[in-house]
Amino acid sequence: MVERRPFSNLLAHLILWAGIIVVVFPVYYTLIASTHNPRDIFNGEIGFLPGGVPTENYKAALFAGAKQVKTTPATVMMLNSLAMALMIAVGKIAISIISAYAVVYFNFFGRMFAFWTIFVTLMLPVEVRIYPTYKVVADLGLLNSYWGLSVPLIASATATLLFRQFFMTIPDELVEASKIDGAGPMRFFWDTVVPLSRTNMAALFVILFIYGWNQYLWPLLITTDATMDTIIVGIRRQIVTSDANTDWHIVMATAVLAMLPPVAVVVFMQRLFVKGLVETEK
Amino acid sequence: MRKVGFNNKLLPYLLIAPQIAITAIFFYWPASQAVWQSFLIQDAFGTRTEFVWFENYEVLFKDPTYFNAFIVTVVFSTAVAALSLGIALLLAVQADKQIHGSGPYKTLLMWPYAVAPAVAGVLWLFLFQPSLGVLAKLLRSMGVDWNPLLNGNHAMILVIIAATWKQISYNFLFFLAGLQSIPKSLIEAAAIDGASPMRRFWTVIFPLLSPTAFFLLVVNVVYVFFDTFGIIDAVTHGGPAKATETLVFKVFQDGRLGGDLGGSAAQSVILMFMVIALTAIQFKYIERKVHY
């Protein structure tokens, strides 16, 4: 910074570390708890160090689920979450890139109308129209299916706007050059636009994968068949209000499993994540 | 539209069709249904419906539980927005000071973004679980009769903590990006003029950061309104005695199992207007680029 202030700098480090401890503690403690046996957890005697059963709870969570309230094994739920997250991410990117391409590179009747039709949906989260949307999905016979989980969530304006903004920065010379070479619009799309958009697509994929994996209200509503539970909804089902019936050791292991994929994506694809986050929110 | 483009007649319609179709089927149709239903009353068996104009809304505005949900939402969102923005700003300012870069701190502070709200709720629920939670025990040993299952204020504190924890990383990333885009020469100039670090923060840095802060404020309010549904449902179910029942949670509860669909639809419509208003405010301010 501007002047040398060893004390102020030390204070800055202290504040940051305090922040990190607060942020990390709940997850650390969950990780610890997931390696203790049920009795110690129930008696609240687990301390702050790893317990004696590093894998047992995970095995039970992955292959059997909770016992006192019957729940789906986490392997099944993770596959459901994965399918939902991938379908949302890929679907959203696919339909938005082509609609943005249409809006930017073609002049057609109703173009502005189409653009605004998409744009207005920026303001309508699924929560505000939850039951009518549920009814549409039910009428289409999509309850308890991957299509029902993902398709209603793949239409949104953010991705279209992001691609539109990016396409505006592609120089006109590229379009002219490929026209001179005799390339049609689809050829230009596949050979020039898609390769140039690769970083944007990847950044968007990271954000949308997390978005899809972490969905809660929508899957809770449209899946009644327990084998279709996503892992986020599944954890909720493992917790019972009368506490004695909650298998906390399974809940803790399942929570770790539920956090693992999206957190790994953020940590390992940090650059793309930050890019995606900042650009989708403009 | 750019100057150079293509001249196909059919192709653009084919390209835009999937997006428009999904938007029409899953956005516009349900949204218009919500508006339509909010004017109807259905009897308990769903056999007869009657068009009642604004009766559902009138009932709602007289309903003390709706008023309660409104107050709960205001308290909850004010607390979460204030806490998460304040803490994130404090951390971002400290990280921005680091000569050797803010990289490692950034990595360590940003990942809770990836934790689902419902899971964040479960983690904190476990820590504050009255009989076995480690923090609950700590509170009890300090003489606090901690019980979020029975005490409404405790339940509210618990969901506020979980929602704030989850949101700090997001705000931190945006504040840090905002801070790093402020030219260092401005701060140096102020320092040469003899401004203390505190004064520099309030007269130079903070005004330049205000567009980021304002953007985050709106995003945070929208987050608390909608995304925290998972936290509430996992931690308190809106209880005890509706002490943590937010507007979105009430929409969900009232319409559940084909209950009060008209009332639930009316609530959805009101929420829709709130979101549209928030978005409009945001656009207006982004255009003006809030700095002084």
Side-chain angles (χ1 to χ4, degrees), chain A residues 1-3 12 15-16 19-20 23 26 29-30 41-42 44 95-96 98-99 101-102 104-108 114 117-118 121 123-125 127-133 136 151-152 154-155 160 172 175-176 185 210 214 216-217 232 235-236 243 251 255 258-259 262-263 266-267 270 274 277-278, chain B residues 1-6 8 11-12 15-16 18-20 22-23 25-27 29-31 33-34 90-91 94-95 97 105 107-109 111-119 122-124 127 131-132 137 173 177 187-188 191 226 229-230 233-234 248 251 255 261 264 268 271-272 275-276 279:
Chain A
M1 230 13 200
V2 186
E3 62 266 82
I15 292 174
L16 283 166
I20 289 167
V23 162
Y29 196 70
T30 304
I41 296 177
F42 189 74
I95 68 163
S96 334
I98 56 175
S99 63
Y101 185 65
V104 173
Y105 282 98
F106 294 89
N107 201 357
F108 58 95
T117 305
I118 297 168
T121 60
M123 307 174 195
L124 292 176
E127 286 83 353
V128 304
R129 53 195 161 80
I130 191 87
Y131 287 105
T133 315
V136 171
V151 176
I154 73 175
T160 312
D172 283 344
V175 191
E176 281 160 357
I210 298 168
N214 287 347
Y216 181 76
L217 176 56
I232 309 292
I235 293 179
R236 169 67 196 77
D243 291 301
V251 175
M259 287 187 280
V263 170
V266 165
V267 172
Q270 206 179 117
V274 174
L277 192 66
V278 173
Chain B
M1 179 62 200
R2 350 181 5 134
K3 284 186 215 107
V4 188
F6 296 98
N8 288 53
L11 189 62
L15 290 173
I16 210 162
Q19 173 99 327
I20 296 286
I22 291 176
T23 309
I25 297 170
F26 297 109
F27 277 76
W29 173 249
Q33 283 292 298
L90 176 68
L91 292 173
Q94 309 310 322
K97 277 185 196 164
Y105 288 120
T107 312
L108 284 164
L109 284 167
W111 55 267
Y113 174 85
V115 177
V119 176
V122 170
L123 303 189
W124 286 99
L127 290 170
S131 62
L132 52 83
K137 280 191 169 172
L173 282 172
I187 297 157
E188 279 157 12
F226 300 107
F229 175 87
D233 192 48
V248 169
V251 171
L261 274 182
S264 173
S268 296
L271 274 177
M272 241 186 269
V275 184
I276 290 171
T279 320

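Below, read A as the first sequence line, B as the second, and so on, with proteins coming before strands; counting in each chain starts at 1. If you're wondering where the values come from, they're calculated on a predicted model, not measured in any experiment.
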What pair of heavy atoms forms the shortest contact from Y216(A) to A234(B), and how long is it?
OH-N, 4.4 Å

Choice from I15(A), V251(A), I235(A) maximising heavy atom contacts with chain B below 4.5 Å:
I15(A)

Quick check for you: to the nearest 0.5 Å, what is the distance between I16(B) atom CD1 and T160(A) atom OG1?
8.0 Å

Strictly distance-based, threshold 3.5 Å: is any side-chain N or O of R236(A) a donor or acceptor partner for the main-chain N or O of D233(B)?
yes

Using non-hydrogen atoms and a 4.5 Å limit, figure out which bit of L173(B) sits close to chain A: side chain, backbone, both or neither.
side chain

L11(B) portion near chain A, given a 4.5 angstrom heavy-atom threshold
side chain

Chain B contact via V136(A) - side chain, backbone, both or neither, heavy atoms under 4.5 Å
side chain

Listed partners of S99(A) passing side-chain hydrogen bond (donor to acceptor under 3.5 Å, both in side chains), at least two apart:
none

Under 4.5 Å heavy-atom distance to chain A, tell me which part of W29(B) shows up: side chain, backbone, both or neither.
side chain

Taking only residues two or more places apart in sequence or in another chain, which ones pass ring pair (Phe, Tyr, Trp, His ring centres under 6.0 Å) with Y101(A)?
Y105(A), F106(A), F189(A)

Selection from I210(A), L16(A), L217(A), V267(A) maximising heavy-atom pairs under 4.5 Å formed with chain B:
L16(A)

N214(A) (side chain) donor-acceptor with P117(B) (main chain) under 3.5 angstrom:
no

Under a 4.5 Å heavy-atom cut-off, does chain A meet the side chain of L127(B), its backbone, both or neither?
side chain

